[in-house]
Amino acid sequence: MKGELEMQFLDKVIANLGLCISVYDILSIDGGFISPGDGCSTYEVVIRLVMFRPLVGEILIGKIEESNDDGLRLSLGFFNDIYVPVLQLQQPCKRGDDGIWQWDYNSEYFPLDLNEEVNFQVISVKYPPIPVKQEANSKPFAPMEIVAGIRGDGLGVASWWED
């Protein structure tokens, strides 16, 4: 039973709840009846799930996956739809010739290189509606998106704050 539940819920986003990490336990199983015209047995199961749903204001550590005109895309390893818009980067910042964002701190430039660990703060968690039609060249649909910021003391590339 637990294997079937894991196939159904594991690594899936449930709107307004978050990403299912695992089936914690099964509280009860009732039923076991077969509907007329259907050869499958049906059960009513009460379960508890371990969900990933960060709180607004929470500080997390991720890695920079992508740097583009819109800002940064971060990854936690198991979740990759974390976006840092340009206005939420350390200011002032600019994009270098290599496409990497750089923080200008007193005329000294600190790059936000790919695969660097960053401390970020959750600004919002969104659950966009499932699109009926998707353009061929658009980014893949993400059922849960996190908007994050790296403005503030202790936020940004982790190595900036080590000393």
Side-chain angles (χ1 to χ4, degrees), residues 1-29 44-95 99-105 109-132 134-135 138-163:
M1 181 72 72
K2 188 172 183 178
E4 286 294 322
L5 292 168
E6 286 175 344
M7 282 190 337
Q8 187 167 359
F9 292 107
L10 205 58
D11 293 331
K12 296 198 175 57
V13 172
I14 300 172
N16 298 318
L17 288 180
L19 173 69
C20 181
I21 303 296
S22 81
V23 175
Y24 182 71
D25 64 0
I26 299 172
L27 297 176
S28 68
I29 300 173
E44 183 177 309
V45 181
V46 178
I47 60 173
R48 290 191 292 181
L49 302 172
V50 177
M51 305 294 287
F52 169 69
R53 181 184 181 183
L55 302 172
V56 172
E58 185 173 358
I59 307 292
L60 298 172
I61 300 172
K63 285 192 175 187
I64 299 174
E65 289 282 313
E66 182 182 351
S67 180
N68 59 36
D69 291 336
D70 299 327
L72 301 174
R73 184 173 61 85
L74 307 178
S75 172
L76 295 173
F78 63 93
F79 186 79
N80 300 326
D81 294 314
I82 305 166
Y83 302 98
V84 181
V86 174
L87 294 175
Q88 293 297 332
L89 295 173
Q90 293 279 12
Q91 297 297 323
C93 67
K94 70 174 192 170
R95 197 154 178 233
I100 301 297
W101 285 99
Q102 300 174 358
W103 175 32
D104 178 2
Y105 181 71
Y109 292 96
F110 294 94
L112 294 135
D113 289 323
L114 297 179
N115 295 317
E116 286 276 0
E117 275 196 352
V118 292
N119 301 328
F120 66 92
Q121 184 172 25
V122 176
I123 305 294
S124 69
V125 180
K126 301 177 188 176
Y127 298 92
I130 297 172
V132 176
Q134 192 166 3
E135 300 295 325
S138 65
K139 69 177 186 170
F141 173 71
M144 181 170 90
E145 294 179 348
I146 297 172
V147 177
I150 60 170
R151 293 180 75 170
D153 292 339
L155 299 178
V157 176
S159 63
W160 296 347
W161 307 104
E162 287 179 352
D163 292 335

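Residues: numbered from 1 along the sequence shown.
Contact record, Leu49 with Cys20: CD2-SG, 4.0 Å, taken as the closest heavy-atom pair. Closest approach of Gly149 to Val84, counting heavy atoms only: CA-CG1, 4.3 Å. Trp101 and Asn68 get closest at one heavy-atom pair: NE1-O, 2.9 Å. In terms of heavy-atom proximity, Pro111 sits nearest to Val157 at O-CG2, 4.0 Å. Here the shortest heavy-atom pairing between Tyr127 and Ala15 reads CD2-CA, 4.0 Å. In terms of heavy-atom proximity, Pro54 sits nearest to Val122 at CB-CG2, 3.9 Å.
A distance of 11.0 Å separates CD1 of Ile123 from CG of Leu87, quoted to the nearest 0.5 Å. To the nearest 0.5 Å, atoms CG (Leu60) and CD1 (Ile82) are separated by 7.0 Å. With values rounded to the nearest 0.5 angstrom, Ile21 atom CD1 is found 8.0 Å from Met51 atom CE. Interatomic distance, CD1 of Ile26 versus OH of Tyr24, reported as 13.0 Å (0.5 Å rounding). Once rounded to the nearest 0.5 Å, the distance linking CZ of Arg48 with OG of Ser22 reads 11.5 Å. Going from atom CZ of Phe52 over to atom CG of Leu17 covers 14.0 Å, rounded to the nearest 0.5 Å.
Within the 3.5 Å criterion, the main-chain N or O of Gly154 finds a donor-acceptor partner in the side chain of Asn119. A donor-acceptor distance shorter than 3.5 angstrom exists from the side chain of Gln91 to the backbone of Val86, with no hydrogens or angles considered. Although no hydrogens or angles enter the test, the distance criterion places a donor-acceptor pair under 3.5 Å between the side chain of Gln90 and the main chain of Leu155. In this structure, the side chain of Glu117 does not engage the main chain of Asn115 through any donor-acceptor pair within 3.5 Å. Formation of a donor-acceptor pair under 3.5 Å by the Arg95 side chain with backbone atoms of Ser67 is found in this model. Between the side chain of Arg73 and the backbone N or O of Asn80, at least one donor-acceptor pair lies under 3.5 Å. Without hydrogens or angle criteria, Gln102 side chain to Lys94 main chain gives no donor-acceptor distance under 3.5 Å.
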Next on the checklist: Walk me through whether Trp103 and Ile150 qualify under side-chain contact (heavy atoms from CB on, under 4.5 Å).
Outcome noted: CA-CA 11 Å; Trp103 175 32; Ile150 60 170; over 6 Å; no
Checklist entry - Given Asp113 and Ile64, is the side-chain contact (heavy atoms from CB on, under 4.5 Å) satisfied, shown in steps? => result CA-CA 7 Å; Asp113 289 323; Ile64 299 174; over 6 Å; no
Checklist entry - Are Ile100 and Leu114 close enough, and set up right, to give a side-chain contact (heavy atoms from CB on, under 4.5 Å), and what steps lead you there? => result CA-CA 8 Å; Ile100 301 297; Leu114 297 179; 4.1 Å; yes
Next on the checklist: Evaluate Phe120 against Leu72 for side-chain contact (heavy atoms from CB on, under 4.5 Å), listing each step before the verdict.
Outcome noted: CA-CA 11 Å; Phe120 66 92; Leu72 301 174; over 6 Å; no
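Applying the 6.0 Å contact sphere to CD1 of Ile130 captures no more than 12 heavy atoms from other residues, nucleotides or ligands. Crowding of Phe141 atom CZ: a count of heavy atoms from other residues, nucleotides or ligands under 6.0 Å exceeding 12. Within 6.0 Å of CD on Glu4 lie no more than 12 heavy atoms contributed by other residues, nucleotides or ligands.
Within the 4.5 Å cutoff, the side chain of Met144 has no heavy atoms near those of the Asp81 side chain.
Every residue meeting the salt bridge (Lys or Arg N to Asp or Glu O under 4.0 Å) condition with Glu145, not counting sequence neighbours, appears here in chain and number order: Lys139.
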